[in-house]
Amino acid sequence: MLSALKEIAYSVAQQPDLTLALKEFVSGIKHAMSTQCCSVYFADEAHADFVLMATDGLNQSAVGRFRIGQNEGLVGLVAKREEVLNLPMAQKHPSFKHAPEVKEDTYNAFLAVPIIHHRKVLGVIVVQQKAARVFNQDEESFLVTLSAQIAGQLAHAGAKHILHQAEIAHQTTRLHGIASAPGVAIGKALVIAPSVDLTQIELAKVPDAQSQIRLFHHAVISTRKEFRALAKKIDSGLDTQTVAIFTVYEQLLEAKSLGDQVEAKIKLGWCAKSALKLVIEQLVEQFMAMQDSYIRERASDIQEIGTRVLHHMLANERRQVEVHEPVVLIAQTVTPTVLAEVPKELLVGVVSLTGGASSHASIITRAMGLPALWGVDDLALSEVVGKQIVLDAYTNTLIISPTKLLLNEYKTLLKNENLLKSKFLQEYDEPCITLDGEKVNLLSNEGLGAADDSIGGKSTEGVGLYRTEAWFMQHTQFPSLQLQTQWYKKLLKWYAPLPVTMRTLDIGGDKALSYFNFSEENPFLGWRGIRISLDHPELFLDQIKAMLWANCGLGNLRIMLPMVSDVEEVIEAKRLISQAYDELVAEHSMPSLEYPCIGIMIEVPSSVYLISEWAKHVDFCSIGSNDLTQYLLAVDRTNSRVASLFDSYHPAVLRALHDIAQQCVAVELNFSLCGELAADPEGALLLIAMGYRNLSMSVASIGRVKYVLRRLKTADMERLLADCLMAATANQVHQHLHQFILSQNLSEILYSHFQRSHQ
Ligand code: PEP
Ligand code: MG
């Protein structure tokens with residue numbers, strides 16, 4: 001059964017469109033289960049019913065026509081209950097609905113399972129048989145497993161299909177994701193091709209074979225050049241074995257090996273990328289089937305060549321994209337590099353098919369003040385190129401090809417939003433003092449912003465978090481002590497005499513350095529932050545020396561250690577900091593060198609329970625609510641599948657943050673918070689109620705947070721906090737917050753306020 005299951009999933013994946021995929025699907029199941037009929041129904045939300053999408057066994061002319069209401073018949077029942085239905089005589093069931101047009105009268109046995117993706121019922125698979133019998137456990141679990149396996153693929157293909165239908169009917173498509181910052185964006189879809197991987201290429205046919213052949217030839221020429229350049233580079237290092245590999249690669253690129261086959265496929269109508277994928281996959285399969293182990297190993301060479309050629313094809317395609325109007329960037333995975341490819345002046349919004357709203361790429365978009373949606377995994381990239389897009393990050397919605405009416409409403413919304421922004425701006429330089437006189441320091445988070453505005457933020461209180469890894473990520477090797485000193489000096493000088501909290505290198509997790517590559521099963525639980533620094537004291541000492549040196553004559557540096565989970569880590573890091581200091585003083589006769597305050601990030605659950613220990617060893621702590629949420633809730637902050645579970649308003653997170661504040665007050669440890677929670681007005685007001693008076697956030701968020709806090713009294717926020725701490729779920733917390741904002745006449749900052757105006 002397992003191989004049948006894999007085969008069906010594979011053949012469905014190979015089909016270029018939904019109709020063909022579903023045909024394969026039902027026939028595959030009918031065959032594998034040796035039954036007489038298999039059908040698949042899809043939910044049509046617009047009509048509140050299910051439509052028969054494919055069948056092998058029922059009347060073919062009912063396909064696409066026969067519909068059954070959302071709550072009707074056995075199909076409706078399976079969808080409603082979200083569970084399997086296994087009946088020996090379907091007609092006897094009270095929910096059975098007779099539908100002569102499908103011609104199912106001869107069937108008795110009935111087995112149906114729902115297709116569920118992201119908790120939503122997409123459709124129902126039905127298997128029928130003439131004999132009156134109950135399907136056995138194996139058959140039942142086969143269908144359940146297949147349905148679960150295929151759900152994601154069908155959701156994707158279904159969305160593509162709906163998009164086509166919508167286009168025909170001039171209708172609008174809505175998809176959902178998770179927003180990382182509120183806002184609305186209107187622009188044309190700019191699709192940046194996925195990172196180079198043949199498995200991600202969707203098979204597609206195009207009419208113009210000549211242009212595809214040209215695209216392929218150019219890519220081959222570029223690949224050949226690249227191999228020659230690489231071979232030359234390595235040749236000077238005398239690694240002859242590796243040089244030989246490139247010669248083999250070049251031979252494989254020759255027309256008779258690869259080129260002729262790809263061209264032949266293009267002439268059959270496949271686009272260049274699809275043709276390359278088909279040929280490479282076939283060659284890899286052939287090589288893998290060989291007896292000779294040497295030849296078998298060449299399969300990976302073929303794969304590598306395919307990847308390289310594809311890379312050049314995409315690069316050539318990409319170069320042709322010219323941006324002359326506001327665009328919403330859409331990509332499989334939006335990374336800092338992808339963001340950098342789009343001219344900032346024309347980038348108005350971002351959509352990523354993978355990733356969570358708390359990934360580091362998402363923090364960058366927030367710092368850039370861009371609305372963004374993450375985890376919109378039902379989107380078919382190739383289908384949205386150049387289409388009109390509305391990104392509504394208030395309602396987590398991506399709207400493709402909106403109607404004129406809807407577009408105009410969103411234009412008005414955008415205008416209102418800009419008016420509100422200008423209101424925030426008017427108070428930007430005012431101090432952040434609550435209505436009852438509590439002063440709050442709003443500091444800035446910097447480093448992961450757009451590369452060229454890493455210095456230039458306008459926080460009037462200083463920097464609460466400088467993510468130094470951002471600088472390291474923009475280089476091709478570890479920067480020298482001198483270069484680091486220059487960077488740090490520039491930043492410290494810019495802000496002096498205001499404090500600048502520099503966090504030591506926090507790589508690992510989802511932040512990789514191209515020149516320090518390693519891969520792990522669970523990167524967020526692995527080699528990250530301080531763990532790497534302590535394992536590489538030579539790198540850590542260089543960074544500390546550069547910071548200390550840069551601070552000379554300025555004195556506004558504070559050093560912060562990321563990801564600490566154990567007191568001994570801090571003791572060791574402090575020993576190294578002191579060593580760096582002593583060495584600088586001794587080697588460069590710098591007696592006046594200032595010793596900075598040293599602090600830690602509290603972002604790992606163990607550190608929450610060590611506050612009294614931290615007070616003995618460090619001068620301050622800053623809470624990283626992003627990681628603390630991730631680790632407390634066991635939700636990977638970059639995984640779109642669980643993105644909806646990542647919620648810093650979860651009562652467990654709020655209670656932990658409250659405890660931390662109380663403990664810090666008790667042991668007189670200076671504390672602040674620099675995670676994204678502080679950047680939400682609702683989060684900020686809860687933190688103020690808990691006793692936090694130092695909040696650090698992206699510069700783009702300071703105006704909104706300040707605007708709200710200046711209109712509230714601490715006593716009111718404290719009452720709200722008491723309710724939120726008693727809440728059992730994050731949803732209850734959100735409801736309390738919503739009510740509170742309304743009661744304080746601040747509805748203009750609520751997302752629902754915007755929503756209401758265009759409903
Ligand atoms: C955090 O974890 O909240 C934090 C501020 O650090 P980063 O987002 O860089 O991991
Ligand atoms: Mg962190």
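All values derive from a computational prediction rather than experimental measurement. In listed order, ligands and their atoms are each counted from 1.
- In this structure, V463 and T501 have side chains that are not in contact, with every pair of non-hydrogen atoms separated by 4.5 Å or more.
- Shown in contact with R528 at under 4.0 Å from a heavy atom are these atoms of ligand 1, numbered in order with element: 10 (O).
- Below 4.0 Å from some heavy atom of G624 lie the following atoms of ligand 1, by number and element: 1 (C), 2 (O), 3 (O).
- For ligand 1 and D627, the ligand atoms under 4.0 Å from any heavy atom of the residue are 1 (C), 2 (O), 3 (O), 10 (O).
- Of all the heavy atoms of E676, none lies under 4.0 Å from any atom of ligand 1, so neither backbone nor side chain is involved.
- Using cut-offs of 30° and 60° on the angle between ring planes, the pair W527 and F518 is perpendicular.
- For ligand 1 and K511, the ligand atoms under 4.0 Å from any heavy atom of the residue are 9 (O).
- Taking 4.0 Å as the cut-off between side-chain N and carboxylate O, E427 and R711 count as a salt-bridged pair.
- Taking 4.0 Å as the cut-off, R503 counts as a neighbour of ligand 1 on heavy-atom distance.
- Of the listed options L465, D506, I602, N626, N626 places a heavy atom closest to atom 3 (O) of ligand 1.
- When non-hydrogen atoms are compared, ligand 1 lies under 4.0 Å from neither the backbone nor the side chain of M563.
- The N, O or S atom of E603 lying closest to the Mg ion (ligand 2) is OE1.
- The closest approach of D627 to the Mg ion (ligand 2), by N/O/S atoms, is made by OD2.
- With F424 as the aromatic partner, K706 does not meet the cation-pi criteria of under 6.0 angstrom to the ring centre and within 45 degrees of the ring axis.
- In terms of the side-chain contact (heavy atoms from CB on, under 4.5 Å) criterion, residue partners of N441 (sequence neighbours excluded) are, by chain and number, K439, L443, E461, N694.
- The closest approach between a heavy atom of R637 and any atom of ligand 1 is below 4.0 Å.
- Taking the six-membered ring where tryptophan is involved, the planes of F472 and F478 are perpendicular, since the angle between them exceeds 60° and thus also 30°.
- Under 4.0 Å from ligand 1, not a single heavy atom of M560 appears.
- One finds a salt bridge joining D716 and R719 here, because a Lys/Arg side-chain nitrogen approaches an Asp/Glu carboxylate oxygen to under 4.0 Å.
- F671 meets the ring-ring contact (aromatic ring centres under 6.0 Å, His included) test with Y692; sequence neighbours excluded.
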